[in-house]
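Just so it is clear, the structure is predicted and the values come from calculations on it, not from any experiment.
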Amino acid sequence: KMATTAALRLKDLYPMHIGGKPISGNLRGSDVLPVISKTDGKSVLTHVTMASRDQISQAIQTGLESEEEMKAMPSFQKKEILLDIATQLKKREDEFAHAIALEAGKPIKDAKVEVARAVDVMTISAEEAVRDRGLYERMDISARNKGYTGITARFPVGLVSMIVPFNFPLNLAAHKIGPAIAAGCPFVMKPADRTPISASLLGEVLASTSLPKKAFSIMPCKLDDASLFSEDERIKLLSFTGSAQVGWKLKSNAGKKKVTLELGGNAACIVDEGADLETALDRIVFGAFYQSGQSCISVQRLLVHDKIYDQFKTKLIEKSKALKRGDLMDAATFMGPLISENDAKRCQKWVDESKGKILLGGKRDGTFYDATIVESADAKSDLMRNEVFGPVCTLDRFSDFKDAIKMVNDSAYGLQAGVFTPNLDRSFYAFNHLHVGGVIINDIPSARVDSQAYGGVKDSGLGREGIRYAIEDMTEPKVMIFKNAGLI
């Protein structure tokens, strides 16, 4: 069912939500955030209301007051709320996709996939809400423990603070909100200041459900006021997705609260001899350039076996040349702009300074940057060492599989890695020796199943997302021990 033209037209002003209530600022005041077009980097699309420091503090207190109500909520009710959210997201798919495409500069085809994934996340969260994995165990482990048995159950940690990035403004919010509701945790959320529209729409959806109003607040804010989301001692868990530079700094200032960090990466992909080249090529072109490379698991480093290197390189260039760039609302468009012109300039700078051979692309046009392939870049360059977060991949060769694994591991990051190989032993060798959170065999590192354990090691983060794993982080175990229970 197609959304009406009116539904797809952006409003002049979107509200924030504090304690479940929509609050709108003054279009001419300082409490609204302009949302800039990513296509030209200048024109204002709309405005979203921002919270002051006092309002953020008020929202935290409101969430705190909802802890007991959320903790006591029956599992079936949490399930119903989450299924209601999923149903509404599905009904409003076109409206959400349109907003995401405009605010994030994302091709409409990818924006629709993001909405569909958010529906999946809320649906899986509903299923997990009624799966309480408690444990009954015998505890008579020695003579002095004779007669002991125990029950271990998990209880919600309490108020969760969520900080969401710009690249998946709806789905990465869903990955925090769904598990929080399933776990029984109230929450406050700060969307990225460059992509706050879909978060406001999501607040509208949440407010229409039977979720207790005090249980949630969704508020963009000024950078100077954002510290409350990570530092306020009333918060029990900080869940942050974003850059490594910001994430680790927030953790150092977070105090005693639990912290989950989903950070960056410069994901590598190995293409071994004997791999299905056509499949590998199609997937790698997608993984390197979809969303203009603005994904923490985008294919950034390619390692291809000597025996197939030349053939692979020729076809990689050929397939990458065919990608369509342009109108975000055209279903045939594959690549859109980067989130800002400064990011496009940074991509250009890193490529120019990499000392590698530019096989394709390498040119910038405003906020757009070409699909770019760089061969034999300097191992110490920014392009090889850091996260480019743009449509750029490097290409190198290897002859020994073990050396390829070492090359992948030669990184400060460790989020996911892809390995195309028909060899079972090499698949398990990669799984056992790659220093990453996820190893994807016969697919790209950019593959993410929304229910999987997702997260990284080293500078790529701390903890895991993926609904049941996020729920585990948002709960804590409590044990009840019985002495001589059941003896008559």
Side-chain angles (χ1 to χ4, degrees), residues 1 3 7 11 14-24 48-49 51 59-60 62-97 99-100 114-132 156 158-162 164 169-191 196-220 239 450 467-468 470-471 474-475:
K1 180 181 171 182
K11 302 173 189 173
Y14 288 84
M16 63 178 173
H17 290 80
I18 294 181
K21 296 176 182 176
I23 298 173
S24 293
V48 178
T49 306
I60 291 171
T62 302
L64 192 70
E65 291 166 4
S66 183
E67 283 185 344
E68 289 304 315
E69 184 179 12
M70 284 297 291
K71 181 179 176 181
M73 185 182 290
S75 297
F76 73 86
Q77 192 176 340
K78 293 186 286 189
K79 179 181 178 181
E80 287 171 357
I81 291 166
L82 287 158
L83 287 176
D84 189 4
I85 296 168
T87 299
Q88 291 195 54
L89 287 176
K90 198 167 186 177
K91 282 181 180 175
R92 297 173 65 176
E93 175 197 20
D94 289 332
E95 181 187 1
F96 270 93
I100 292 167
E114 179 170 354
V115 179
R117 288 182 64 187
V119 171
D120 285 347
V121 169
M122 291 301 182
T123 304
I124 299 163
S125 297
E127 294 164 356
E128 291 293 341
V130 293
R131 293 176 188 156
D132 191 352
L159 181 63
V160 175
S161 173
M162 306 168 178
V164 178
L170 178 63
N171 194 41
L172 293 182
H175 263 289
K176 300 180 189 302
I177 291 171
I181 295 171
C185 294
F187 59 90
V188 293
M189 188 184 99
K190 188 190 96 62
I197 306 172
S198 52
S200 178
L201 293 175
L202 185 55
E204 186 181 303
V205 169
L206 295 177
S208 72
T209 71
S210 58
L211 181 67
K213 295 296 178 278
K214 285 187 172 184
F216 81 93
S217 296
I218 297 176
M219 308 161 288
S239 178
D450 284 300
I467 296 86
R468 64 179 288 190
I471 291 171
M474 293 177 183
T475 56

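The structure places CG of L89 at 10.5 Å from CD of E95, a figure rounded to the nearest 0.5 Å. Distance check, rounded to the nearest 0.5 Å: CG of L202 to CD1 of I177 gives 4.5 Å. Expressed to the nearest 0.5 Å, how far NZ of K190 lies from CE of M162 amounts to 14.0 Å. Between the CD atom in Q88 and the CD atom in E93 there is a gap of 14.5 Å [rounded to 0.5 Å]. For the atom pair I81 CD1 and M122 CE, the distance stands at 11.5 Å (nearest 0.5 Å). In this structure, OG1 on T209 lies 6.5 Å from CD1 on I181, to the nearest 0.5 angstrom.
Note on residues 115-126: pairs passing side chain to side chain donor-acceptor pair (under 3.5 Å), not counting sequence neighbours, are R117-D450. The stretch residues 201-213 participates, sequence neighbours left out, in these salt bridge (Lys or Arg N to Asp or Glu O under 4.0 Å) pairs: K11-E204, R92-E204.
Here the shortest heavy-atom pairing between I18 and S217 reads CA-OG, 3.4 Å. Scanning all heavy atoms of the two residues, the minimum distance from S200 to Y14 falls at OG-CB, 3.5 Å. Pairing each heavy atom of A183 with each of I471, the nearest pair is CB-CG2, 4.2 Å. Pairing each heavy atom of P191 with each of P220, the nearest pair is CD-N, 3.7 Å. Across all their heavy atoms, A59 and V188 have their closest contact at O-CG1, 3.8 Å. Scanning both residues, P15 and T49, for their nearest heavy atoms gives CA-OG1, 3.8 Å.
Looking at S198 and E114, their side chains never come closer than 4.5 Å, going by heavy atoms from C-beta outward.
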Evaluate the side chain to side chain contact (heavy atoms under 4.5 Å, CB included) criterion for residues F96 and V119: first the C-alpha distance (whole Å), next the side-chain angles of each, then the deciding distance (0.1 Å), finally the verdict.
-> CA-CA 12 Å; F96 270 93; V119 171; over 6 Å; no
Pair H175-I467, side chain to side chain contact (heavy atoms under 4.5 Å, CB included): steps then yes or no = CA-CA 7 Å; H175 263 289; I467 296 86; 4.3 Å; yes
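With E67 contributing its side chain and L159 its backbone, the two residues share a donor-acceptor pair below 3.5 Å. In terms of modelled atom types and a separation under 3.5 Å, the side chain of K78 and the main chain of A182 share a donor-acceptor contact.
Using a 4.0 Å cut-off between charged nitrogen and carboxylate oxygen, E128 and R131 count as a salt-bridge pair.
E80 is linked by a side chain to side chain contact (heavy atoms under 4.5 Å, CB included) to F76, counting only residues two or more places apart in sequence or in another chain.
Atom NZ of K79 is surrounded by 12 or fewer heavy atoms from other residues, nucleotides or ligands within 6.0 Å.
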